[in-house]
**Student:** 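Below you will find the structure I want to go over with you.
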Amino acid sequence: MPELPDVETWRRYVDATSLHHRIGRIDIDAPRMLQGVSRQTLRARLQGDAFESTTRHGKHLFLRLESGPWLMLHFGMTGRLNYFKDPDGVPSHTRLLIHFDNGFHLACVWRRRLGRIGLVDDPASFVREERLGPDAYEPGIELAEFKAMLHGRRGSVKSALMNQRFLAGIGNIYSDEILFQARLHPRSRCQRLDSQELAVLHRAIGHVLRIAIERQADPERLPQSWLLVNRRERGECPRCGAPLAHMAIAGRTAYYCPDCQREQQ
DNA sequence: CCTATAGCCTGACGGC
DNA sequence: TGCCGTCAGGCTATAG
């Protein structure tokens, strides 16, 4: 689930649950998920420390330790967090388990091991090194800058939106929603968008992300007028009722309404 | 630059 | 019911 709204929701979850508790034991079962840090080092740096704040860039979540460095979590396709007390309540597929001195635990859970766990000195440096684009939501991109970013870009709008080095945080699902609300066909070319279309797209990005975060990225709570609520085989367009279509774009399945999102000539 | 493909992982689902 | 292929809200390496 983890696109920007989900990760932001978990960031707030960490803020509400896991700050300022002394960290005791650490259990790590994350082969091939550790990025630039060994099990031993990760364990040694976390034990006895405490999280003091969080930040997020795109789909990356950072938890700051009192001693300075930040725990970095990337959720891949299946990652999630769970803060709980019952010692028998460890979720299956917990890859990193943090025990706090208040008797609670924070489980970092990935069903598929496609996520990342790291320890970084500074999120801003990490973002630079990974060459991630600006966060798609905060602090917000001015329309003029957005137009400049897309100017001269080859390829489809959908692949640009999903490219983390262009804009960080948007994935397959939310790019479909943004294109639906902007009434752009997912195969639309960046270069072919006129000023009006760019403005509508820019607004749709901000709107979709804001509402999704407000609703805690919970599909049950998202507006029924959204594509992603009906985004499935044989789903219908919430606006006009037409059967949704899908096609492969940039290696992912794009859903769209063939009536509301007409392809450019 | 950009696209397409395979691969990394694991479980759910549909068809037979 | 069981087996098997396919697919999935991500990303990287590779080749063209």
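First the proteins, then the strands, lettered A, B, ... as listed; each starts at 1.
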**Student:** Rounded to the nearest Å, what distance is computed from the CE atom of residue A:Met162 to the P atom of nucleotide C:dA8?
**Tutor:**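 Atom-to-atom, A:Met162 to C:dA8, this comes out as 12 Å.
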**Student:** Of all the choices, C:dC11, C:dA8, B:dT3, which nucleotide is nearest to the side chain of A:Lys59 once you look at every atom?
**Tutor:** C:dC11
**Student:** Does C:dG10 have OP1 or OP2 sitting under 4.0 Å from an N or O in the side chain of A:Gln164?
**Tutor:**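 No.
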**Student:** What heavy-atom pair brings A:Arg239 and A:Cys260 nearest, and what distance separates the two atoms?
**Tutor:**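 Between these two residues, the closest heavy atoms are NH2-CB, 3.3 Å.
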**Student:** Run through A:Leu179, A:Ile178, A:Ile213 and flag the one making a side-chain contact (heavy atoms from CB on, under 4.5 Å) with A:Val208.
**Tutor:**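 Answer after filtering A:Leu179, A:Ile178, A:Ile213: A:Ile178.
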**Student:** Measure from CG on A:Asn163 to P on B:dT3 and round the result to the nearest Å.
**Tutor:** 9 Å
**Student:** What integer distance in Å separates A:Arg165:CZ from C:dA13:C1'?
**Tutor:**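 So the CZ-C1' distance, A:Arg165 to C:dA13, works out to 11 Å.
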**Student:** Can you check the A:Leu114 CG to C:dG10 P distance for me, whole Å?
**Tutor:**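 To the nearest whole Å, that distance equals 10 Å.
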**Student:** Tell me what A:Ser175 touches on the nucleic acid: a base, only sugar-phosphate, or nothing, going by heavy atoms under 4.0 Å.
**Tutor:**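 No contact.
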**Student:** Can you figure out which of C:dG10, C:dT12, B:dT10 approaches the side chain of A:Met77 most closely?
**Tutor:**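 It is C:dG10.
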**Student:** Nearest-Å distance, CG (A:Leu161) to P (B:dC2)?
**Tutor:** 13 Å
**Student:** Decide yes or no, distance alone: a donor-acceptor N/O pair under 3.5 angstrom between the base of C:dA8 and the side-chain of A:Arg252.
**Tutor:** no
**Student:** Are more than 12 heavy atoms from other residues, nucleotides or ligands located less than 6.0 Å from atom CG of A:Asp121?
**Tutor:**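 12 or below, so no.
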**Student:** Rounding to an integer number of Å, can you tell me how far A:Met33 CE sits from B:dC8 P?
**Tutor:** 16 Å
**Student:** Within the structure, does a side-chain N or O atom of A:Ser159 lie under 4.0 Å from either OP1 or OP2 of B:dT3?
**Tutor:**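 Checking A:Ser159 against B:dT3: at least one side-chain N or O falls below 4.0 Å of OP1 or OP2.
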**Student:** Which of the following nucleotides, B:dT10, C:dA8, C:dC11, is nearest to the side chain of A:Arg95?
**Tutor:** B:dT10
**Student:** Expressed as a whole number of angstroms, how long is the span from A:Arg80:CZ to B:dT10:P?
**Tutor:** 16 Å
**Student:** Assess the side chains of A:His99 and A:Asp27: does a donor N or O sit below 3.5 Å from an acceptor N or O?
**Tutor:**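 Side chains of A:His99 and A:Asp27: pair found under 3.5 Å.
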**Student:** Are A:Leu19 and A:Met72 connected in the hydrophobic side-chain network, where two residues link if heavy atoms are under 4.5 Å apart?
**Tutor:** no
**Student:** Ignoring backbone atoms, test whether A:Arg116 places a side-chain nitrogen or oxygen under 4.0 Å from the OP1 or OP2 oxygen of C:dC11.
**Tutor:** no
**Student:** State whether A:Thr78 places a side-chain N or O below 4.0 Å from either non-bridging phosphate oxygen (OP1 or OP2) of C:dA8.
**Tutor:**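 Negative; the distance criterion is not met.
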**Student:** Using heavy-atom distances to pick each residue's nearest nucleotide on DNA chain B, tell me which of A:Arg153 and A:Arg113 is more 5'.
**Tutor:** A:Arg153
**Student:** Would you mind reading off the distance between A:Lys158 atom NZ and C:dG10 atom C1', rounded to a whole angstrom?
**Tutor:** 13 Å
**Student:** Kindly say if A:Arg154 contacts the phosphate of B:dT3, meaning a side-chain N or O under 4.0 Å from OP1 or OP2.
**Tutor:**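 Answer no for this pair, as no side-chain N or O of A:Arg154 is under 4.0 Å from OP1 or OP2.
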**Student:** What integer number of Å spans the P atoms of C:dT6 and B:dT5?
**Tutor:** 15 Å
**Student:** What's the closest nucleotide to the A:Ser156 side chain, out of C:dA8, C:dG10, B:dT3?
**Tutor:** B:dT3
**Student:** Check the phosphate of C:dC11 against A:His74, side-chain N and O only, distance under 4.0 Å to OP1 or OP2. Yes or no?
**Tutor:**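 Checking C:dC11 against A:His74, a side-chain N or O does come within under 4.0 Å of OP1 or OP2.
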**Student:** Kindly say whether A:Ala204 contributes a backbone atom to a donor-acceptor pair with the side chain of A:Gln181 at under 3.5 angstrom?
**Tutor:** no
